[in-house]
Q: 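Have a look at this one before I ask anything.
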Amino acid sequence: MAKEITNREENYSQWYNDIVKKADLAENSAVRGCMVIKPYGFAIWENMKAVLDQAFKDTGHQNAYFPLLVPKSLFEAEEKNAEGFAKECAVVTHYRLQTDPDNEGKLRVDPNAKLEEELIIRPTSEAIIWNTYKNWIQSYRDLPLLINQWANVMRWEMRTRPFLRTAEFLWQEGHTAHSTKEEAIQEAELIHELYARFAEDYMAMPVIKGYKTESERFAGADNTLTIEALMQDGKALQAGTSHFLGQNFAKAFDVKFLTSENKEEHVWATSWGVSTRLVGGLIMTHSDDEGLVLPPRLAPIQVVIIPIPKPSDEIMEVADKVAADLKALGVRVKIDRDMKKRPGFKFAEYEMKGVPVRIGIGKRDLEKGMVEIARRDTKEKASIALTDCVSHVHGLMTTIQDNLLARAKKHRADHTSTVDTFDEFKKAIAEKGGFVYAHWDGTEETEDKIREETKASIRCIPVDTVDEDGICVYSGKPSKRRVLFAKAY
RNA sequence: CGGGGCGUGGCGCAGUCCGGUUAGCGCACCUGUUUUGGGAACAGGGGGCCGCAGGUUCGAAUCCUGCCGCCCCGACCA
């Protein structure tokens, strides 16, 4: 069973790659660092997208779309932002190819088609968007401006991994403008909370909410709020960020508005995003050595019905009826009618693909008025009376969703330490892994030293922990609050 | 950008050192039959400019030169 999936213990990152491949989520493409998201993987992203999109709309945001290419002069306008992303930008320099005179059948870049100004393939869209907002905002009556875009972006990363870090990735990026600082901060916090709830309620992936230290902050932001999840291998995954941008972009792009008192002021801004990286987080939170495990709320197929041959009209009738009744309850259900594949093959296949519930309907069970119901999360199999099947399975959707969240929370609790000395710190990081709460003196110097010596970085300064006097585990200087450390993806 | 490795049917590989029948194996694929309650068996079949370009040779997947591409390990990152 579970042929060809590497055990997590043996090689976690190979296991991850195997899951991506065996569950048919994505594959490498002909383009360096860029993956092809296959239909099943894309369906998971589409489900995430649908929920988030609705949540953004419910909180007053509208979707729009801005260009892929950003003129270099706009890109460099906000200096910190430009600097932060400069090293990983793909740049368009020419607009035409021609047949190569020295190399028949080949094309070359037409040297006469050089662009006057280079175009940057967006690594994020603040620049082009703020240049546009300048024309949209004149008065306090134009505010707040609450825009989201679903888009692809490109960051020329040195090393890539499917979903977790690809050169091109899909995401949503919200860009809002406000008349006051307080309102912008509230917006950033609203989205931060929205992301955290999405992660827990839909992905069943518990997260720590907090804000980033200055060195980990988004380039061009005054504050970066983050949600941090703990993966099964004890490493942290930054799963979503929401930035308070202050007036940095408003000043860089000269976006001003008139207040009701007829005073000219720069607007206040936020930006926020989650990406296809969430799919990677989903995989690494729940899956096991048999394959993918998906929470029902995001699973493209929530229930698969496998008629167990010999094929018979009676079995198919029962399957159709069960499927129809489940659909009526809003359950995403598939009947596998492929009679060429044997049941054993299908069992393994749907386990690999993480389908939460499998219903086996065969002659032997049916004679007793029973069906077989298998849960992907616990791998339990049960014989259930056909008459109870639909309500039982419907109930399992919630049961499994809750169980996955509880399991992930337990894993996180088991891999979270609170330490007071650097020895304890190093031991916790090296032996146990996971999250470590420790006092920090607030300096970048200490942060860097700890990262160098332990590979662990400050994931965030959590918002939910209480103030508590202590001394920095590294420097011994006073500290008012523990921060969250971990090795990160 | 440094260090290591690899390019051979769709995928994974053998063959390369030491040149020589028709380039082979597993998986996948197609057809047929028997099967079908945990990854079916048998029979038959299709598919290769051996990464690209030169060179050496009677003869090159194999030797030589150049180029291209990819993967892994480090510095960068959602």
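Heavy atoms only: backbone and side chains are in, while hydrogens, waters and symmetry mates are out. Naming: A, B, ... by sequence-line order, numbering from 1 per chain.
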Q: Whole-Å distance between B:C76 P and A:R161 CZ?
A: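 Checked: the CZ to P distance equals 18 Å.
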Q: Only counting residues at least two apart or in another chain, list the ones meeting ring pair (Phe, Tyr, Trp, His ring centres under 6.0 Å) with A:Y202.
A: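 With sequence neighbours excluded, A:Y202 shows a ring pair (Phe, Tyr, Trp, His ring centres under 6.0 Å) to A:F198, given in chain and number order.
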Q: When you measure from the side-chain N and O atoms of A:R342 to the phosphate of B:G37, is any distance below 4.0 Å, counting only OP1 and OP2?
A: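 Checking A:R342 against B:G37: at least one side-chain N or O falls below 4.0 Å of OP1 or OP2.
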Q: A:E88 side chain: which of B:C76, B:G39, B:G37 is closest?
A: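 Nearest to the side-chain atoms of A:E88, counting from C-beta on, is B:C76.
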Q: When rounded to the nearest Å, what value does the distance between C1' atoms of B:A61 and B:G20 take?
A: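 It comes out at 13 Å once rounded to the nearest Å.
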Q: What is the nucleic acid contact for A:T166, judged by heavy atoms within less than 4.0 Å: base, sugar-phosphate only, or nothing?
A: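 Base, at least one base heavy atom under 4.0 Å.
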Q: Please tell me which of the listed nucleotides, B:C76, B:G37, B:G38, lies nearest to the side chain of A:A348?
A: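 Selected nucleotide: B:G38.
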Q: Between B:U57 and B:G48, how far is it from one P atom to the other, in whole Å?
A: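 Per the computed distance, 32 Å lies between those P atoms.
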Q: Say you pick atom P in B:U65 and the same atom in B:C18; how far apart are they, in whole Å?
A: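 Rounded to whole Å, the distance is 14 Å.
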Q: From C-beta outward on A:R358, which listed nucleotide comes closest to its side chain: B:C76, B:G37, B:G38?
A: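 Of B:C76, B:G37, B:G38, B:G38 is nearest to the side chain of A:R358.
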Q: Could you work out, with ring pair (Phe, Tyr, Trp, His ring centres under 6.0 Å) as the rule, every residue matching A:W440, not counting sequence neighbours?
A: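 A:W440: no ring pair (Phe, Tyr, Trp, His ring centres under 6.0 Å) contacts found.
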Q: Hey, where does RNA chain B pair up into stems, meaning at least three consecutive Watson-Crick or G-U pairs with distances under 3.5 Å?
A: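 Stem list for RNA chain B: B:1-7 with B:68-74, B:10-13 with B:24-27, B:29-34 with B:40-45, B:51-55 with B:63-67.
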Q: At 4.0 Å (heavy atoms only), tell me whether A:E157 reaches a base, stays on the sugar-phosphate, or touches nothing.
A: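 Contact class for A:E157: base.
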Q: Does A:K381 make a side-chain donor-acceptor contact with the base of B:G38, cut-off 3.5 Å?
A: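 Side chain to base: pair present.
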Q: Please report the distance separating the C1' of B:C27 from the corresponding atom of B:G66, rounded so that it comes out in whole Å.
A: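 After rounding to an integer number of Å, I get 36 Å for this pair.
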Q: Looking only at atom P, what distance separates B:A41 and B:C64, rounded to whole Å?
A: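 It works out to 43 Å between them.
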Q: As a test of understanding, state which of A:E445, A:E453, A:K449 forms a side-chain hydrogen bond (donor to acceptor under 3.5 Å, both in side chains) with A:Y474.
A: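 The single option meeting the side-chain hydrogen bond (donor to acceptor under 3.5 Å, both in side chains) with A:Y474 is A:E453.
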Q: List the residues meeting salt bridge (Lys or Arg N to Asp or Glu O under 4.0 Å) with A:D336, not counting sequence neighbours, and say none if there are none.
A: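 For A:D336 the salt bridge (Lys or Arg N to Asp or Glu O under 4.0 Å) partners, ignoring immediate neighbours, are A:K346.
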Q: Mind checking whether A:Y195 and A:W272 have parallel, tilted or perpendicular rings, split at 30° and 60°?
A: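 Taking A:W272 first and then A:Y195, their aromatic rings stand perpendicular (interplane angle over 60°).
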Q: Taking atom types as they are modelled, would you say the side chain of A:E351 forms a donor-acceptor pair with the base of B:G38 within the 3.5 Å cutoff?
A: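 Result: at least one qualifying N/O pair found.
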Q: Which whole number of Å gives the distance between the C1' atom of B:U33 and that of B:G15?
A: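 These two C1' atoms come out 36 Å apart once rounded.
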Q: Without decimals, in angstroms, what is the distance between A:M339 CE and B:U34 P?
A: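 Taking atom P of B:U34 as the reference, CE of A:M339 is at 17 Å.
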Q: Scan A:L164 against the nucleic acid and name what it touches under 4.0 Å (heavy atoms): base, sugar-phosphate only, or nothing.
A: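 Counting heavy atoms under 4.0 Å across all strands, the contact made by A:L164 includes a base.
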Q: Show me the pairs that pass ring pair (Phe, Tyr, Trp, His ring centres under 6.0 Å) and involve residues 212-235 of chain A, at least two apart or across chains.
A: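 For residues 212-235 of chain A: A:F85-A:F218, A:F218-A:H243.
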Q: In whole angstroms, how far is the C1' atom of B:A41 from the NZ atom of A:K340?
A: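 Taking atom C1' of B:A41 as the reference, NZ of A:K340 is at 16 Å.
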Q: Please set out all donor-acceptor pairs under 3.5 angstrom arising from side-chain atoms of residues 120-127 of chain A, sequence neighbours excluded.
A:
| from | atom 1 | to | atom 2 | distance (Å) |
| --- | --- | --- | --- | --- |
| A:R122 | NE | A:N152 | O | 2.7 |
| A:R122 | NH1 | A:F66 | O | 2.9 |
| A:R122 | NH1 | A:P67 | O | 3.1 |
| A:R122 | NH2 | A:Y65 | OH | 2.7 |
| A:R122 | NH2 | A:N152 | O | 3.2 |
| A:R122 | NH2 | A:N152 | OD1 | 2.7 |
| A:T124 | OG1 | A:E126 | OE1 | 2.6 |
| A:S125 | OG | A:Q149 | NE2 | 3.2 |
| A:S125 | OG | A:E173 | OE1 | 3.4 |
| A:S125 | OG | A:E173 | OE2 | 2.6 |
| A:E126 | OE2 | A:S271 | OG | 2.7 |

